[in-house]
Amino acid sequence: MSQRRKQFPFDEFEPRWQQHWEENKTFHAPNPGEQSFDPEKPKFYALDMFPYPSGSGLHVGHPEGYTATDIISRYKRMNGFNVLHPMGWDSFGLPAEQHAIKTGEHPRINTENNVNNFRRQLKSLGFAYDWDREIATTDPEYVKWTQWIFLQLYHSYVCEETGKARPISELEEKGLSREEIDAKRLAFVANTPVNWSPDLGTVLANEEVEEWRSKGHTVERRPLRQWMLRITAFADRLIDDLDDLDWPEGIKNLQRNWIGRSEGAEVDFTIAGEKVTVFTTRPDTLFGATYMVLAPEHPLVDKITTDEQKSAVEEYRKVCASKSDLQRTELATEKTGIFTGGTAINPVNEQEIPVWIADYVMMGYGTGAIMAVPAHDERDFEFAEKFEIPVIEVVKAPAGNTDTCFCGNGSAVNSGFLDGLATPEAKEKITGWLEEKGLGKKTINYKLRDWLFSRQRYWGEPFPIIWKDGNHYGIDESELPLLAPPLEDYKPTGKPEAILAKAKEWVELEDGSVRETNTMPQWAGSCWYYLRYCDARNENEFISKEAEEYWLSGNGKAGGVDLYIGGTEHAVLHLLYARFWHKVLFDLGYLKTPEPFHKLVNQGLIMGEDGQKMSKSRGNVVNPDEVVDLYGADSLRLYEMFMGPLEQVKPWSMKGVEGVYRFLGRVWRLVHESDQEGNWQLRSALVDAKPDKATNKVVHATIKKVGEDIENLRFNTAISQMMECSNELGKLEKLPVSSVALLLQVLNPFAPHITEELYGVLKKNFKDLPDSDLSSQTWPEYKEAYLVEDEIEMVIQVNGKVRDRMTVSKDAPKEEVEKLAMQSEKAQNFFEGNTVRKVIVVPGRLVNIVAN
RNA sequence: GCCGGUGUGGUGGAAUUGGUAGACACGCGGGAUUCAAAAUCCCGUUCCUUCGGGAGUGCGGGUUCGAUUCCCGCCGCCGGUACCA
């Protein structure tokens, strides 16, 4: 292939056009206040999930989503929108730090090298980014505002009445004590069991544990003093507001499940005179509770265990403690547990039931204790079977149900005053009864935990916090950004102590106070980057009011980003965290929309040519540089979009790239032909003449379809339509220039280089064409009149099977169409001798003759 | 187990307010051009067939004049998630 002559000189003109766009700032999006800003223009904000600039550079998965937003952006621009289409770098991260550990070199250097490589690669693909807005989360100016937003969280609490974030100063005015205030902050310090990874030298958020475990790192639980963000205070809003977003239903569900809201009741049992509260979603089954289970770690276990059970209980607790959470769930093929010897009193009927401990009850969810109703809970049922505990039916299943353990809604039985009530009513009644007697209350539980926000790493934003006399204080805004000092040695301390503790001079301040040494997780920067793009160079605010109002206006929609494209891997973490921060800033009055991203689209993974996930170890990774080198940027862009539907998983194929490359070659040869020496010259078939009917039809059908397909993100079918169009134009002996120009114009968002180049050739030779680049022309309008045909082909079916075809006038009345169909000899062969029962005429499509 | 997605030629895929299944490409076969090749252009390409036709969109039913599309019941694959009480 490398020996082969190129079908068109992409290596010459692609870099030239890229330079042209850069020098002319063609894709600069003016902000309010700029001279070229036009307040009349509607805005469109198309956002890509910014990449982590890894050392290995871009792979072909990156440009999939980027090309999609690029096509939309160019298309919207041509339709008169002021388009915000930015790019930046999520540049904090562990690999740069590990590089620093190995080399002793500051991670900033490695990060910058990687960013430079990524930028070079992206520019070589001709994306219409406004590079004036480029940001990196590691830039000191960016860190400044990340820390500033943290301080907003630190200085805020959630008002219980309104559920909204409010400034801490309100609590001070009310005269709350330091402790009381600290207990309400959105950013707070907690001494809780955390996920500590010795070999990573840091703690992890619950959400991150699985990812790192799967990469082979160990994670253990231990209590540590950590910074947390009170995301649980926003749980309901994070669920409810999903309804207003145009997101894939699957992603919304993932978030709902992650937050895991469940309504139920807390019920107080009594064990040895002590109150023990359990959480249940089925308070209506209280009469069927035949035993109780505590989590092995439950603090009451020691107290209630009888002497004869003591050693067995100790033994069991030890086994549980040695298992990680993962093993505990993975090995859960069979229920295990131990009787404590103690009993609990069921508040509803004063009955004594045995108390067990078992590892299927988790200390971290609900209250760490459950009432077990084996008749109506599969886990309890399995456990009761194994340990021969009585099973009492308290919910009558609807007729016909054959479940051995019925867990659905039915009507209450064996339940005293609840008998006969349907499950929902029974729930309500028993909850009311419990509340009346002071034995329990209605509660909502969430799986979502508060966000563990501190890390012990070097390459992250330091907390803008100092400690004095055991209290923490936010530093003054004027001291931002607070950057970490360079270190001699970036190795983790090995202890659960942050690396920054090594920088004694930086940590210890003159007045005796010390700096917080933890840093923020990588998520911090990506929580608000879409805001910064709107006003990337603002030195006084994280975003100006004017920029915010213009770019992030939802225009009636919940979120200001009009289109956000990226991978599913961020379905929960990034998208949940960013929504959380956005809501805090919204409550505090800095933002006008309650949600960040109105429309979200997930691009499907691009697999290797072998159908496997691309990975270095499999050796099936395709580097875009290689593709650009062989076929050019336009071919890569076009192929990425032609592969299949954007959201679908699909395998890479170099043969497929060659296919679209050949198509672009044919487009090139609509305008050029080769002379004797093999040089390209203007094609002699090109004429400055009016197109005929058929040509107009295909060209205008293409304008229509491509426009509609872009709006619906169906790029693959848009491209096949353009292929058909160019195939048709290629057959013409006299090719009207205006038709070629129209094809180039609709192809431009997909393949911007070759189309601009060819249009440049055309306009030089045909002076009637508009004298400007395609990128500054408006999207062409199609003429409906060209699309309709006078004569149409209709199918003749007999009993639903195609037997013949006929050509009729488009205005032919039904009766005439039917008559013509009945006259078809081919059709007659199939219904001869049978009775014609009816004839169905679908105008413009077919006639079906039903006969038997 | 639960949630979401998906199943169409040798391959990627197209077609859904129910109306010609396989658009557009890839691959393959044949031809033109060439000393030859590459590139290019043209033709063919779901399967079976006694050449009349018949079958066909994961499988089995149903609704309908007509189902890839709607309904019921299964199966496979991909992704996520899991003793959450």
Side-chain angles (χ1 to χ4, degrees), chain A residues 1 3-7 210 248-254 256-258 260-262 264 278-282 285 293 295 328-330 332-333 335 358-362 364-373 376-380 382-383 445-448 568-569 571-572 602 604-605 607 611 613 639 642-645 647-660 662-663 665-666 669 674 714 716-724 727 730-731 793-805 829-830 837-852:
Chain A
M1 172 66 216
Q3 306 299 324
R4 194 193 296 167
R5 182 180 176 225
K6 292 186 169 65
Q7 292 213 11
E210 273 324 302
E249 209 43 50
I251 302 293
K252 288 190 184 182
N253 269 329
L254 281 178
R256 288 191 192 106
N257 291 341
W258 191 266
R261 178 189 158 107
S262 55
V278 303
F279 173 73
T280 177
T281 53
R282 293 296 300 270
T285 62
V293 186
R328 200 156 139 173
T329 50
E330 260 188 3
T333 44
K335 295 274 177 295
D359 66 359
Y360 80 93
V361 174
M362 306 284 144
Y365 181 78
T367 60
I370 63 159
M371 61 177 220
V373 184
H376 306 292
D377 181 285
E378 277 176 26
R379 292 152 302 167
D380 297 346
E382 204 185 310
F383 191 86
N445 241 304
Y446 301 91
K447 278 196 263 184
L448 183 71
T568 350
E569 66 273 20
V572 223
N602 289 121
L605 213 57
M607 309 299 268
K613 206 169 162 172
Y639 176 64
F642 187 60
M643 291 174 84
E647 282 150 281
Q648 201 167 297
V649 178
K650 37 207 179 283
W652 185 265
S653 156
M654 275 301 180
K655 288 285 184 194
V657 184
E658 276 188 55
V660 296
R662 278 203 279 268
F663 160 62
R666 284 195 292 274
R669 294 191 304 275
S674 182
R714 291 190 307 231
N716 53 333
T717 49
I719 294 167
S720 59
Q721 177 67 39
M722 291 187 282
M723 285 173 167
E724 278 181 74
N727 287 345
K731 286 176 195 161
E793 190 188 65
M794 284 183 76
V795 154
I796 304 169
Q797 294 183 335
V798 177
N799 292 331
K801 286 191 171 146
V802 180
R803 298 304 180 186
D804 200 5
R805 284 150 213 274
N829 290 336
F830 288 90
R837 302 288 171 190
K838 61 174 144 175
V839 179
I840 289 141
V841 180
V842 183
R845 293 200 180 266
L846 55 76
V847 180
N848 189 10
I849 301 161
V850 185
N852 56 22

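Residue numbers begin at 1 in each chain, while the letters A, B, ... track the order of the sequences.
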Measuring only the [atom1] atom in each nucleotide, how far is [N] from [M]? A whole number of Å is fine.
N      : M      : atom1 : value
B/rC47 : B/rG9  : P     : 11 Å
B/rA55 : B/rU33 : C1'   : 41 Å
B/rG56 : B/rU68 : P     : 9 Å
B/rA15 : B/rA25 : P     : 15 Å
B/rG54 : B/rA21 : P     : 13 Å
B/rA23 : B/rU8  : C1'   : 13 Å
B/rC65 : B/rG10 : P     : 34 Å
B/rG62 : B/rA14 : P     : 31 Å

How long is the line joining [atom1] of [X] and [atom2] of [N], in whole Å?
X        : N      : atom1 : atom2 : result
A/Asn799 : B/rU64 : CG    : P     : 15 Å
A/Arg714 : B/rA14 : CZ    : P     : 10 Å
A/Lys801 : B/rU20 : NZ    : C1'   : 14 Å
A/Glu658 : B/rG27 : CD    : P     : 7 Å
A/Asp804 : B/rG19 : CG    : P     : 22 Å
A/Ile251 : B/rG80 : CD1   : P     : 11 Å
A/Lys650 : B/rG12 : NZ    : C1'   : 11 Å
A/Trp258 : B/rC2  : CH2   : P     : 21 Å

First locate atom [atom1] of [X], then atom [atom2] of [Y], and finally report the distance between them rounded to the nearest 0.5 Å.
X        : Y        : atom1 : atom2 : value
A/Ser674 : A/Arg669 : OG    : CZ    : 10.0 Å
A/Thr717 : A/Phe642 : OG1   : CZ    : 10.0 Å
A/Asn848 : A/Ile796 : CG    : CD1   : 11.0 Å
A/Thr280 : A/Met371 : OG1   : CE    : 4.0 Å

Shortest side-chain distance from [X], nucleotide among [options]:
X        : options                : answer
A/Ser720 : B/rA85, B/rG13, B/rA23 : B/rA23
A/Pro645 : B/rA85, B/rG13, B/rC83 : B/rG13
A/Arg669 : B/rG19, B/rU40, B/rG12 : B/rU40
A/Val802 : B/rC84, B/rG4, B/rA21  : B/rA21
A/Lys655 : B/rA85, B/rC3, B/rG27  : B/rG27
A/Asn257 : B/rA23, B/rA85, B/rC3  : B/rC3
A/Asp377 : B/rA85, B/rC3, B/rG12  : B/rA85
A/Ile840 : B/rC24, B/rA85, B/rC65 : B/rC65

Judged by nearest nucleotide, the residue sitting upstream toward the 5' end of RNA chain B, A/Val842 or A/Gly659, is A/Val842
By nearest-heavy-atom nucleotide on RNA chain B, the more 5' of A/Thr717 and A/Leu254 is A/Thr717
OP1 or OP2 of [N] versus the side-chain N and O atoms of [X]: is any pair under 4.0 Å?
X        : N      : answer
A/Gln648 : B/rG13 : yes
A/Lys447 : B/rC84 : no
A/Lys838 : B/rC65 : yes
A/Asn727 : B/rA25 : yes
A/Arg379 : B/rC84 : yes
A/Arg803 : B/rG54 : yes
A/Asn716 : B/rA14 : yes
A/Arg662 : B/rC41 : no
A/Gln797 : B/rU20 : no
A/Arg256 : B/rC3  : no

Within the structure shown, what part of the strands sits under 4.0 Å from [X] by heavy-atom distance: base, sugar-phosphate, or nothing?
X        : answer
A/Val795 : base
A/Phe830 : sugar-phosphate
A/Asn848 : base
A/Ser262 : sugar-phosphate
A/Arg837 : nothing
A/Tyr446 : nothing

Under the rule of Watson-Crick or G-U wobble with both distances under 3.5 Å, where | means paired to another strand and [ ] a crossing pair, RNA chain B maps to (((((((..(((......[....)))((((((.......))))))(((....)))..(((((..]....))))))))))))....
*Indicate yes or no: at least one non-hydrogen side-chain atom of A/Lys838 is less than 4.5 angstrom from one of A/Val850.*
yes
Min side-chain heavy-atom separation A/Met794-A/Val842 under 4.5 Å: no
Syn within 90° of 0, anti beyond: B/rG13 is anti
Regarding B/rG58, purine or pyrimidine glycosidic angle vs 90° from 0 gives anti
Review point. How about A/Arg666 and A/Gln7: does a side-chain donor come under 3.5 Å of a side-chain acceptor?
Key: no
Residues at least two apart in sequence or cross-chain that pass side-chain contact (heavy atoms from CB on, under 4.5 Å) with A/Ser262, listed by chain then number, are A/Phe279, A/Thr281, A/Tyr365, A/Asn445
**Asked** Is the charged tip of A/Arg379 near the ring of A/Tyr360: under 6.0 Å from the six-membered ring centre and within 45° of its axis?
**Response** no
When A/Val841, A/Val802, A/Val795 are each screened for side chain to side chain contact (heavy atoms under 4.5 Å, CB included) with A/Leu846, the one that passes is A/Val795
TODO: Look at atom CZ of A/Arg845 and say whether more than 12 heavy atoms of other residues, nucleotides or ligands are closer to it than 6.0 Å.
DONE: no
- Would you state whether a donor and an acceptor, one from the side chain of A/Arg845 and one from the base of B/rU20, lie under 3.5 Å apart? no
Test item: A/Lys335 side-chain N/O and A/Asp380 main-chain N/O as donor-acceptor pair under 3.5 Å: no
